[in-house]
Engineer: 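One structure follows; several queries about it will come next.
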Amino acid sequence: QVQLVESGGGLVPPGGSLRLSCVVSGSIRSINHWGWHRQAPGKEREPVASITAGGSTTYADSVQGRFTISKNRVQNTVYLQMNNLKPEDTAVYYCRGVVVAGTAGYWGQGTQVTVSS
């Protein structure tokens with residue numbers, strides 16, 4: 001069975017930092033495109049950041065300049081460094097990995113990030 005396993009979530013005060021990790025569990029071809037999404041209570045799931053096979057990154061306007069996505073192709077691992085966290089960043093964060101464009105891809109189980117004093 002192939003799963004994406006996330007870690008690194010937690011409770012932090014405003015202005016704090018967290019680094020999320022997502023690794024592949026099980027044998028699979030290398031992930032070519034990674035993305036991070038989040039879903040806050042009562043809101044739609046929204047994309048946060050993505051990184052292509054070539055290393056090109058994109059960010060939602062709400063996190064631009066504060067979050068950084070990176071990956072390790074050999075280890076099939078993706079990271080999300082989150083700095084200067086704000087209460088509105090509170091959400092469940094999910095990673096997604098795609099091997100071939102147009103396929104369903106794989107999702108992580110989600111990890112809770114709570115920003116509160």
Side-chain angles (χ1 to χ4, degrees):
Q1 293 180 321
V2 176
Q3 300 286 338
L4 304 185
V5 182
E6 297 157 312
S7 62
L11 174 65
V12 295
S17 297
L18 286 172
R19 189 177 78 149
L20 306 183
S21 300
C22 180
V23 302
V24 174
S25 175
S27 181
I28 192 174
R29 294 171 61 189
S30 179
I31 298 294
N32 288 312
H33 187 108
W34 290 97
W36 286 96
H37 299 68
R38 69 185 182 187
Q39 187 167 18
K43 298 182 66 177
E44 296 281 333
R45 186 176 299 185
E46 62 178 352
V48 175
S50 66
I51 185 166
T52 68
S56 179
T57 59
T58 58
Y59 299 93
D61 289 343
S62 59
V63 306
Q64 182 73 46
R66 299 187 297 117
F67 291 10
T68 303
I69 187 172
S70 61
K71 68 176 182 179
N72 185 313
R73 278 187 57 199
V74 174
Q75 297 179 359
N76 263 345
T77 304
V78 68
Y79 307 94
L80 185 68
Q81 178 67 45
M82 304 184 294
N83 297 326
N84 192 24
L85 284 161
K86 305 176 183 297
E88 52 263 40
D89 295 318
T90 295
V92 177
Y93 285 71
Y94 302 88
C95 68
R96 184 180 185 230
V98 177
V99 177
V100 178
T103 63
Y106 302 92
W107 287 91
Q109 79 284 359
T111 185
Q112 177 70 48
V113 172
T114 302
V115 185
S116 179
S117 299

Engineer: Any side-chain heavy atom of Tyr59 sitting closer than 4.5 Å to one from Val48?
Structural biologist: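 No, every pair of side-chain atoms sits at 4.5 Å or beyond.
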Engineer: Compare all side-chain heavy atoms of Ser50 with those of Thr57 and state whether any distance is below 4.5 angstrom.
Structural biologist: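 Result no, sub-4.5 Å side-chain heavy-atom pair not found.
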Engineer: Among residues at least two apart in sequence or on other chains, which ones pass side chain to side chain contact (heavy atoms under 4.5 Å, CB included) with Val24?
Structural biologist: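 Result, side chain to side chain contact (heavy atoms under 4.5 Å, CB included) vs Val24: Val2, Leu4, Ile28, Ile31, Trp34, Asn76.
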Engineer: Can you tell me which residue among Ile69, Thr68, Asn32 is in a side chain to side chain contact (heavy atoms under 4.5 Å, CB included) with Ile51?
Structural biologist: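 When Ile69, Thr68, Asn32 are each tested with Ile51, the side chain to side chain contact (heavy atoms under 4.5 Å, CB included) holds only for Ile69.
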Engineer: Sequence neighbours left out, what passes side-chain hydrogen bond (donor to acceptor under 3.5 Å, both in side chains) with Asn83? Give chain and number order.
Structural biologist: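 Listed in chain order: Ser17, Gln81.
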Engineer: Can you measure from CG (Asp89) to OG1 (Thr114) and round to the nearest 0.5 angstrom?
Structural biologist: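 If we round to the nearest 0.5 Å, Asp89:CG and Thr114:OG1 are 11.0 Å apart.
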Engineer: Tell me, do His33 and Arg96 make a side-chain contact under 4.5 Å, heavy atoms counted?
Structural biologist: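 SC-SC contact between His33 and Arg96 ruled out.
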Engineer: Would Arg19 pass as a cation-pi partner of Trp36, given that its NZ or CZ must be under 6.0 Å from the six-membered ring centre and within 45 degrees of the axis?
Structural biologist: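 Judged by the rule (NZ or CZ under 6.0 Å from the ring centre, within 45° of its axis), Arg19 is not positioned above Trp36.
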Engineer: Should we say atom CZ of Arg73 is surrounded by more than 12 heavy atoms from elsewhere, each under 6.0 Å from it?
Structural biologist: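 Not buried by this count: 12 neighbours or fewer within 6.0 Å.
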Engineer: Could you list the residues that satisfy side chain to side chain contact (heavy atoms under 4.5 Å, CB included) with Val100, not counting sequence neighbours?
Structural biologist: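 Applying side chain to side chain contact (heavy atoms under 4.5 Å, CB included) to Val100 gives Arg29, Thr103.
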Engineer: Hey, quick one: are Leu80 and Val23 part of the same hydrophobic cluster, counting side-chain heavy atoms closer than 4.5 Å, chains of contacts allowed?
Structural biologist: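 Looking at the clustering, Val23 is in a separate group from Leu80.
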Engineer: Run Leu85 and Phe67 through side-chain contact (heavy atoms from CB on, under 4.5 Å) and show every step you take.
Structural biologist: CA-CA 9 Å; Leu85 284 161; Phe67 291 10; 3.9 Å; yes
Engineer: Only counting residues at least two apart or in another chain, list the ones meeting side chain to side chain contact (heavy atoms under 4.5 Å, CB included) with Val92.
Structural biologist: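 Here the qualifying residues are Tyr94, Gln112.
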Engineer: Side chains of Arg38 and Val63, heavy atoms from C-beta outward: is any pair under 4.5 Å?
Structural biologist: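 Side-chain contact under 4.5 Å: yes.
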Engineer: Side-chain contact, heavy-atom cut-off 4.5 Å: Trp107 with Gln3?
Structural biologist: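 No - every pair of side-chain heavy atoms lies 4.5 Å or more apart.
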Engineer: Using atom types as modelled and distance alone, determine if a side-chain donor or acceptor of Lys43 lies under 3.5 Å from a backbone N or O of Ala91.
Structural biologist: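 No, because the side chain of Lys43 does not come within donor-acceptor range (under 3.5 Å) of the backbone of Ala91.
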Engineer: Checking Gln75 now: which residues fulfil side chain to side chain contact (heavy atoms under 4.5 Å, CB included) with it, not counting sequence neighbours?
Structural biologist: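 So Gln75 forms a side chain to side chain contact (heavy atoms under 4.5 Å, CB included) with Asn72, Thr77, Tyr79.
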Engineer: To the nearest 0.5 angstrom, please state how far the CE atom of Met82 sits from the CG atom of Asn84.
Structural biologist: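 Between atom CE of Met82 and atom CG of Asn84 there are 12.0 Å.
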Engineer: State, yes or no, whether a side-chain contact exists between Val113 and Leu11 at a heavy-atom distance under 4.5 Å.
Structural biologist: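 No, every pair of side-chain atoms sits at 4.5 Å or beyond.
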Engineer: Scan for disulfide bond (SG atoms under 2.5 Å apart) pairs involving residues 16-97, sequence neighbours excluded, and state none if there are none.
Structural biologist: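 Disulfide bond (SG atoms under 2.5 Å apart) check on residues 16-97 returns Cys22-Cys95.
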Engineer: Ser116 versus Pro13: any side-chain heavy-atom pair under 4.5 Å?
Structural biologist: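 A side-chain contact is absent here, since even the closest heavy-atom pair is not under 4.5 Å.
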Engineer: Are Tyr106 and Val98 joined in one hydrophobic group, where the rule is that I, L, V, M, F, W and Y side chains link up if heavy atoms are under 4.5 Å apart?
Structural biologist: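 Not linked; separate clusters.
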Engineer: Heavy-atom distance under 4.5 Å between the side chains of Gln39 and Glu44, does that happen here?
Structural biologist: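 A side-chain contact under 4.5 Å is absent here.
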